[in-house]
Asker: 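I'd like to ask you about the structure that follows.
Each ligand, and each atom within it, is numbered from 1 in the order the structure gives. Because the structure is a prediction, the values reported are computed rather than measured.
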Amino acid sequence: MKKTFPENFLWGGATAANQYEGGYNEGGRGLATSDFITNGSADRPRKITIRLKDGTKTMVNRRPTGDPKIDTIPEGTSGYIDENVYYPSHNAVDFYHHYKEDIALFGEMGFKCFRLSLSWSRIFPKGGIEGEQPNEEGLKFYEDVFKECKKYNIEPLVTLYHFETPAYLAEHFNGWGGRETIDCFLRMCKEVFTRYKDLVKYWITINEINVLNGYAFMGTREATAQVRYQAKHHMFVASALANKLCHEIIPDAKIGCMVALSCIYPKDCKPENAFGALDYRRGALIYSDIMMRGYYPSYSGHFFEEMGVTIKKEPGDDEIIKAYPSDFLAFSYYRSSVYHTEIVQNTDTGGQMGDVNPFVEKTEWGWAIDPVGLRYTLSELYDRYQKPLFIVENGMGTIDKPDENGYVEDDYRIQYFRDHIVEMKKAVTLDGVDLMGYTPWGCIDLVSAGTGEMKKRYGFIYVDMDDEGNGTLKRTKKKSFDWYKKVIATNGEDL
Ligand code: P53
């Protein structure tokens, strides 16, 4: 039995380009689907702005309905952003110009690992279509970032795809709805594996593959179950072939898949609720089952049949998925939720909605705070796969109130992390889970994916910016900064 975390445990923090990087029209970058999404709030959904066929600009709800009046982004994509609307991804919190400062702060906290994603259209502005040359300025940017990490002995953990599809691929191939996108993705992968082979040893193929849906996330025009699961099938093939390429080009690298796996409990001992919760959970586990084990699981037949989905596979797809499974399973864990047969569940997001749990408290955004659920999930996943796990997102989005010096006393955040790390430690020491590391989400304040807000903050570092993008972008350490620094320095002993 292990007594504590392993020596080489990867403590760190996590970010994603579409919410953190900015510089959307700098350095030769092409536009991405995320650049067309406005800000929103908990009760005002984010919208995707695109042009109507008649030429007028309009707004549509974030989940496209298949309305034929709505076109995807036509030729010359740059003309289609509405200057009067605020798009949080455009400048985000400007990692593009602050990376040295930010990485120095991560270094000061003692990070062993920093999770970031590549903006695909920065590497290939058109997504890597046949004959397209990579954008040297984009490649150089990430090289500089990784070299900066090395200065502080920080291992980059790089997500190849996180909530943004090159707009060109959305326009021409229906994003991940088209098989062509697989080849484009692989051209991008080959380029970055080759370029960064000495700098990056930890990779993740596709972020939260189970929550992806519609134009914003996958570049598809429609968001029907048929289109969604066909696109996911393309992602399974792309992910497996990316694993293959990665191992060929960087033999000592590890490459994982990533699924949102916040946990789900049955409401009570009513058998239908217990089985219902198990079956509902499969809606999320199907993704890791396919990518970790290498085949569509036996229950997937009834799962797709009930949704009226028929997956179109090309000859060889199943063999590819079988031959190149993921080395590890990365997952996000934020909360738990409760399954009840009479409550309509949000399909496959691994515990998004459900009945009220009277035993746990909630954040201001209604996310149940449940540290034991983290141990539960770690055990569930390790018992199922017996392969290394990596918690690549966890944390608490809150409204932080800085004092006159910009200092935030975020004792609630410290409490959240302390409680989760205690349970994570039990999973490692008592349950024997092989856990590679822990990278809390939004280690520096960044734009919320769900609402586009800035005020939903997760960071150890405060960034002076508001929901409309106003502010100095000044970085200030919160109280949790020094606390997390101590946790890392003692390898999780002093909490
Ligand atoms: P925000 C939905 C459910 C679970 C995780 O979320 C999710 C989402 C998308 O909103 O996203 C992940 O910012 C995601 C991050 C995201 C983070 O969780 O809505 O991988 O990009 O920022 C937190 O509070």
Asker: Are the aromatic rings of Tyr87 and His90 close, with centres under 6.0 Å apart?
Answerer: yes
Asker: Please check whether Val211 reaches ligand 1 - meaning an N/O of the residue sits under 3.5 Å from an N/O of the ligand, judged on distance alone.
Answerer: no
Asker: Run the side chain to side chain contact (heavy atoms under 4.5 Å, CB included) test on Leu116 and Thr159 for me, step by step, so that the C-alpha distance in whole Å, both residues' side-chain angles and the decisive distance to 0.1 Å come before the verdict.
Answerer: CA-CA 6 Å; Leu116 72 165; Thr159 314; over 6 Å; no
Asker: Could you tell me whether Thr451 and ligand 1 have an N or O pair separated by under 3.5 Å?
Answerer: no
Asker: Can you check whether Ile444 reaches Val93 side chain to side chain, under 4.5 Å on heavy atoms?
Answerer: no
Asker: Heavy atom under 4.0 Å from ligand 1: found in Val447's side chain, backbone, both, or neither?
Answerer: neither
Asker: Could you walk me through whether Tyr99 and Phe141 pass ring pair (Phe, Tyr, Trp, His ring centres under 6.0 Å), step by step?
Answerer: CA-CA 10 Å; Tyr99 71 91; Phe141 169 68; 5.6 Å; yes
Asker: For Arg335, which part has a heavy atom under 4.0 Å from ligand 1: side chain, backbone, both, or neither?
Answerer: side chain
Asker: Answer side chain, backbone, both or neither: which part of Ser448 comes under 4.0 Å from ligand 1, heavy atoms only.
Answerer: both
Asker: Rounded to the nearest 0.5 Å, what's the gap from CE on Met292 to CG on Leu329? Could you check?
Answerer: 5.0 Å
Asker: Charged N to carboxylate O below 4.0 Å: is that the case for Asp35 and Arg29?
Answerer: yes
Asker: Counting both backbone and side chain atoms, is some N or O of Trp367 under 3.5 Å from an N or O of ligand 1?
Answerer: no
Asker: I need the atoms of ligand 1 closer than 4.0 Å to a non-hydrogen atom of Asn207, numbered in the order shown.
Answerer: 20 (O)
Asker: Does Tyr458, backbone or side chain, put an N or O under 3.5 Å from an N or O of ligand 1?
Answerer: yes
Asker: Would you mind running through ligand 1 and noting each atom that sits below 4.0 Å from a heavy atom of Gly450?
Answerer: 1 (P), 10 (O), 13 (O), 19 (O)
Asker: So if I count the atoms of ligand 1 from 1 in the order they appear, which ones are less than 4.0 Å from some heavy atom of Tyr334?
Answerer: 17 (C), 18 (O), 23 (C)
Asker: With a 4.0 Å heavy-atom cut-off (strictly under), which part of Ala16 contacts ligand 1: side chain, backbone, both or neither?
Answerer: neither
Asker: Should the proximity of Trp365 to ligand 1, defined as any heavy atom under 4.0 Å, be assigned to the side chain, the backbone, both, or neither?
Answerer: neither
Asker: Is the gap between the ring centers of His233 and Tyr229 under 6.0 Å?
Answerer: no
Asker: Salt bridge check: are Glu393 and Arg115 linked by an N-O gap of less than 4.0 Å?
Answerer: yes
Asker: Give the numbers and elements of all ligand 1 atoms closer than 4.0 Å to a heavy atom of Lys456.
Answerer: 1 (P), 19 (O), 24 (O)
Asker: Strictly below 4.0 Å, N to O, side chains only: are Arg281 and Glu380 in salt-bridge contact?
Answerer: yes
